[in-house]
Amino acid sequence: MKSECDIAIIGGGIMGLSMAYQLSRAGVTNVVVLERGYMAEGASGRNGGGVRMQWSSESNVLLMRESIDLMRHFAQEIGVNVWLRQGGYLFLARSEAEREKMETNVALQNRCDVPTRMLSPEEARAIVPELDLSGIVCASYNPKDGTVFPWPFLWGYAHQAMARGVEVRLHTGVDAIEPSADGYLLATSKRETGERDTLRAKRVVNAAGSWSPEVARLVGLELPNRPHRHEILSTEPLKPFLAPMVSLLSSGLYFSQSMRGEIVTGISLEDHDDGSVKLGSRLGFLTKIARELTQLVPRFAELEVLRQWAGPYDVTPDGQPILGEPLPGFFLCCGFVGHGFMMAPVIGKRYAEWLSGKKKDPIFDRFTLDRFKSGKLEPEEMILG
Ligand SMILES: Cc1cc2nc3c(=O)[nH]c(=O)nc-3n(C[C@H](O)[C@H](O)[C@H](O)COP(=O)(O)OP(=O)(O)OC[C@H]3O[C@@H](n4cnc5c(N)ncnc54)[C@H](O)[C@@H]3O)c2cc1C
């Protein structure tokens, strides 16, 4: 086990592991990833696997165009199949106000070379004949969006990074961080045994997702992101019939069909915001989603629910991430709300380019912690969830 490293990454979710993998590819291998739990314990092991280029902010459209391109080559590059299926994303609008926003977003996406198009309700039904489109005024559809199976991403990144010398330390939490002459001294403990250790790191990355405010506090930084419980379920398998991810703009309801035929569906519910991560499942979620889902697809009324679970969305005030270097040698990679999984390939790559000294992308000067103090916020992302 290393007692010193060039870069310590706190958090072994998709962000930390993507970054570790890309750093190792860039030749930076004296890296340790510290994960308090098991691999995929956080949001990365609990998400819906949706990947899309349909966004309302230009930077997200461009980042996701590149990220999906990286995913398309993942199997050849990493040797793991992530089951990327580009069956499209079908967003449904219920009001004229939503139509207006949708048209603006589609125009922006087209300017970024993303082939999204506006559809009438009848055209949407041609893609998913099971939809009951009463009250739906229009839809937007990009055939290049899709879904992935999340877990192999984590295994693939971790495996390839470790093969190049990166250490991924599971069940090892970071409890304290002290600045030192040549970087930081991290105090760690093993979750099961309580065994304590230290690690010296020249640079530290906080990739702890919804727990990133706690980690930032260890160096005296206050972050504005807050965890929001997001619930999701999967049903018994059905014969494959559904190609796209379908999402209702008004309620944020979404559903897709997995490789095994299960319907995977989620929706956000109000939650008490006391700043702590909550992972319990609630009956209120089941009743809300059952109502929304069966209204849109009446045949789902017959479906049996197999599993229900929750995970944390890492929510920022403007729906955009928090990146950059707020303290010398201390970096942030958090605040990805409900879309960090799909962003991780491209964000990990950009971070590795910067930390390996190749080039610094402008996103690291735009999505900073400072923007919340200066009030110079980025345009708010409107298509969250
Ligand atoms: C139900 C649900 C559905 C979602 N659907 C989608 C989707 O369809 N598409 C999409 O792109 N995104 C989706 N997301 C969001 C996505 O999962 C997250 O944005 C992404 O996984 C965040 O990755 P991360 O690495 O930043 O955080 P996480 O995966 O949460 O990883 C952070 C890790 O840090 C560890 N940690 C915390 N504190 C410490 C410490 N002190 N020391 C060491 N380790 C620590 C935690 O154990 C955790 O494993 C969804 C999220 C949820 C909850």
Side-chain angles (χ1 to χ4, degrees), residues 8-20 32-52 60 63-64 67-68 71 89 145-151 153-154 157 168-177 186-191 199 204-218 225 227-234 245 247 252 254-256 264-269 277-279 281 285 308-316 321-323 332-348 384-385:
I9 299 174
I10 304 174
I14 190 71
M15 281 297 164
L17 292 171
S18 163
M19 202 184 298
V32 178
V33 179
L34 297 144
E35 167 52 53
R36 181 164 60 185
Y38 55 85
M39 198 175 289
E41 169 154 331
S44 301
R46 299 163 180 271
N47 71 87
V51 302
R52 62 179 157 97
N60 282 350
L63 285 169
M64 273 315 301
S67 212
I68 290 181
M71 291 174 200
Y89 245 81
D145 294 338
T147 52
V148 294
F149 182 36
W151 298 340
F153 266 93
L154 298 154
Y157 279 144
V168 179
R169 242 176 249 179
L170 299 179
H171 309 290
T172 308
V174 174
D175 306 324
I177 307 175
L186 277 56
T188 66
S189 63
K190 286 273 175 200
R191 184 148 78 177
L199 174 69
V204 174
V205 181
N206 177 356
S210 290
W211 296 268
S212 56
E214 290 171 24
V215 170
R217 249 171 252 132
L218 300 177
N225 45 333
H228 176 87
R229 172 169 23 180
H230 182 77
E231 294 184 57
I232 185 166
L233 64 78
S234 74
M245 173 81 85
S247 180
Y254 60 88
F255 62 91
S256 67
V264 179
T265 177
I267 196 166
S268 277
L269 207 60
V277 173
K278 296 185 198 70
L279 298 176
S281 294
F285 162 73
Q308 175 188 358
W309 70 97
Y313 270 12
D314 180 12
V315 180
T316 56
I322 315 178
L323 308 172
L332 295 171
C333 184
C334 52
F336 286 92
V337 196
H339 52 271
F341 205 89
M342 62 180 102
M343 288 272 171
V346 68
I347 297 293
L384 295 171

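Atoms within each ligand, like the ligands themselves, are counted from 1 in listed order. Below, all heavy atoms of this structure are taken into account, side chains as well, without hydrogens, waters or symmetry copies.
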Return the [atom1] to [atom2] distance between [X] and [Y], rounded to the nearest 0.5 Å.
{"X": "Arg169", "Y": "Thr188", "atom1": "CZ", "atom2": "OG1", "result": "6.5 Å"}
{"X": "Leu34", "Y": "Ile9", "atom1": "CG", "atom2": "CD1", "result": "9.0 Å"}
{"X": "Leu323", "Y": "Ile347", "atom1": "CG", "atom2": "CD1", "result": "5.5 Å"}

Touching ligand 1 at all, [X]? Heavy atoms, strictly under 4.0 Å?
{"X": "Gly338", "answer": "yes"}
{"X": "Ser210", "answer": "no"}
{"X": "Thr172", "answer": "yes"}
{"X": "Val337", "answer": "yes"}

Below 4.0 angstrom from a heavy atom of [X], which ligand 1 atoms are there? Numbered from 1 as shown, please.
{"X": "Gly13", "answer": "25 (O), 29 (O), 31 (O)"}
{"X": "Gly173", "answer": "42 (N), 43 (C)"}
{"X": "Val215", "answer": "41 (N)"}
{"X": "Gly11", "answer": "33 (C), 34 (O), 35 (C), 44 (N)"}
{"X": "Gly42", "answer": "29 (O), 30 (O), 49 (O)"}
{"X": "Gly49", "answer": "7 (C), 8 (O)"}
{"X": "Arg46", "answer": "1 (C), 2 (C)"}
{"X": "Ala207", "answer": "32 (C)"}

Are the side chain of [X] and the backbone of [Y] linked by a donor-acceptor contact shorter than 3.5 Å?
{"X": "Ser18", "Y": "Ala344", "result": "yes"}
{"X": "Ser67", "Y": "Met342", "result": "yes"}
{"X": "Trp151", "Y": "Gly45", "result": "yes"}
{"X": "Asn206", "Y": "Ser212", "result": "yes"}

Using a 3.5 Å cut-off on N or O atoms only, is [X] in polar contact with ligand 1?
{"X": "Trp309", "result": "no"}
{"X": "Ala43", "result": "yes"}
{"X": "Gly340", "result": "yes"}
{"X": "Gly48", "result": "yes"}
{"X": "Glu35", "result": "yes"}
{"X": "Met342", "result": "yes"}
{"X": "Val174", "result": "yes"}
{"X": "Gly50", "result": "yes"}
{"X": "Met15", "result": "yes"}

Heavy atoms only: which of Phe336, Tyr254, Trp211 is nearest to atom 37 (C) of ligand 1?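 Comparing heavy atoms across Phe336, Tyr254, Trp211, the nearest one to atom 37 (C) of ligand 1 lies in Trp211.
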Do Arg36 and Trp211 come within less than 4.5 Å of each other through their side chains, counting heavy atoms only?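 Answer yes - side chains close enough.
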In the structure I gave you, are the side-chain heavy atoms of Met343 and Met64 within less than 4.5 Å of one another anywhere?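 Met343 reaches Met64 side chain to side chain.
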Select one of side chain, backbone, both or neither to describe which atoms of Phe341 lie under 4.0 Å from any atom of ligand 1, heavy atoms only.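 For Phe341, backbone and side-chain atoms both sit under 4.0 Å from ligand 1.
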Check Leu34 against ligand 1 and report side chain, backbone, both or neither, counting heavy atoms closer than 4.0 Å.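 Contact part for Leu34 vs ligand 1: backbone (N, CA, C, O).
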For Glu231, is there an ion pair with Arg46 - N to carboxylate O distance below 4.0 angstrom?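 No, Arg46 and Glu231 are not salt-bridged.
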